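Just so we're clear, the structure is a prediction, and the values are computed from it rather than from any experiment.
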Amino acid sequence: MTIALLLAALTVIFLTGFGVTRWLLRDVPSLWWPEFIGLAWIVGAGVLSVVLWLSGFVARGAALVALVAVAVLALSLWLGRGARSAPRLAWFPPGTAVWEKAVTLMLLLPIGAFFVQTFRETLHWDGILVWEIKARIAFLHGGALPLSYYSTALVQDWSHPAYPLYLPMQELWVYLWLGEANQHWVK
């Protein structure tokens, strides 16, 4: 069940980015699939972070998850449908040599090794103190950082409240879907 919820949370992020990126790149004639997927993930996570932060002012818990999921998917669908001329996606740009394709595919090896290694290691001090603590505090308060987080001197000394909320909001999104603050599944 945990894996299904995790996949649902990640799918919402990607689908959000897919529609928004398609709209943003509506004038680009062609694009390479890996570039599009990477850009869709970054854009989707950014849009989700902003919508999650703003929605945290009006909703908490399951209502927050439902509100954000509906909002970002509706935005993605609306923008994606508005992109009349979406870029043509190709696995490789036209004219790519065979050796370039082979070298590109070899990049999958370190990416796969990195993916496997993330399940063996925990987050180090910076990930725990800067990102994890914000996501965990927001999760424990129903999905939004309380104002006391920004006014408590003890927290301000070591958790960098001025850092952007991009990564903590992604962690919070997964926590809200899982129903628990579990660092292992976020990694």
Side-chain angles (χ1 to χ4, degrees), residues 1-24 37-82 115 118-119 121-187:
M1 186 65 175
T2 301
I3 292 176
L5 292 172
L6 177 65
L7 289 175
L10 298 178
T11 300
V12 169
I13 294 173
F14 180 73
L15 289 177
T16 300
F18 186 85
V20 175
T21 302
R22 189 168 179 247
W23 178 76
L24 288 171
I37 290 170
L39 188 58
W41 178 262
I42 291 169
V43 169
V47 169
L48 181 99
S49 295
V50 170
V51 172
L52 184 59
W53 176 70
L54 291 172
S55 299
F57 290 113
V58 296
R60 296 282 194 269
L64 177 64
V65 173
L67 174 67
V68 171
V70 168
V72 296
L73 291 176
L75 175 70
S76 176
L77 185 62
W78 179 63
L79 289 176
R81 294 187 84 196
F115 182 76
T118 60
F119 288 104
E121 297 286 329
T122 60
L123 289 176
H124 295 287
W125 70 269
D126 57 343
I128 293 171
L129 294 180
V130 178
W131 304 326
E132 169 72 13
I133 193 69
K134 291 178 185 180
R136 190 171 293 261
I137 289 171
F139 176 76
L140 294 174
H141 286 89
L145 282 169
L147 291 178
S148 61
Y149 170 77
Y150 295 103
S151 61
T152 305
L154 178 64
V155 173
Q156 288 183 347
D157 288 342
W158 54 269
S159 73
H160 304 289
Y163 278 15
L165 294 174
Y166 180 78
L167 290 173
M169 287 293 134
Q170 288 181 62
E171 286 188 46
L172 172 62
W173 181 245
V174 173
Y175 289 169
L176 289 171
W177 273 85
L178 295 178
E180 66 175 326
N182 189 328
Q183 184 189 108
H184 173 75
W185 289 109
V186 166
K187 257 192 338 162

Supply the atom-to-atom distance [X] [atom1] to [Y] [atom2], rounded to the nearest 0.5 angstrom.
X      : Y     : atom1 : atom2 : result
Leu48  : Trp41 : CG    : CH2   : 9.0 Å
Ile42  : Thr21 : CD1   : OG1   : 9.0 Å
Arg22  : Leu39 : CZ    : CG    : 14.5 Å
Gln170 : Ile13 : CD    : CD1   : 5.0 Å
Leu75  : Trp23 : CG    : CH2   : 9.0 Å

Do [X] and [Y] touch side chain to side chain, with heavy atoms closer than 4.5 Å?
X      : Y      : value
His141 : Leu145 : no
Trp177 : Leu6   : no
Val58  : Leu67  : yes
Trp173 : Val65  : yes

Which label fits Phe18 and Phe14: parallel for a plane angle under 30°, tilted from 30 to 60°, or perpendicular past 60°? tilted
Under 3.5 Å: donor-acceptor pair, side chain of Ser76, backbone of Leu15: yes
Taking all atoms of both residues into account, what is the closest heavy-atom pair of [X] and [Y], and its distance?
X      : Y      : answer
Gly143 : Arg60  : N-CD, 4.3 Å
Pro168 : Ala135 : O-CB, 3.5 Å
Ala138 : Leu172 : CB-CD2, 3.7 Å
Phe139 : Tyr175 : CE1-O, 3.4 Å
Val12  : Ala69  : CG1-CA, 4.5 Å

Among Thr16, Val68, Thr11, which residue satisfies the side-chain contact (heavy atoms from CB on, under 4.5 Å) criterion with Leu73? Thr16
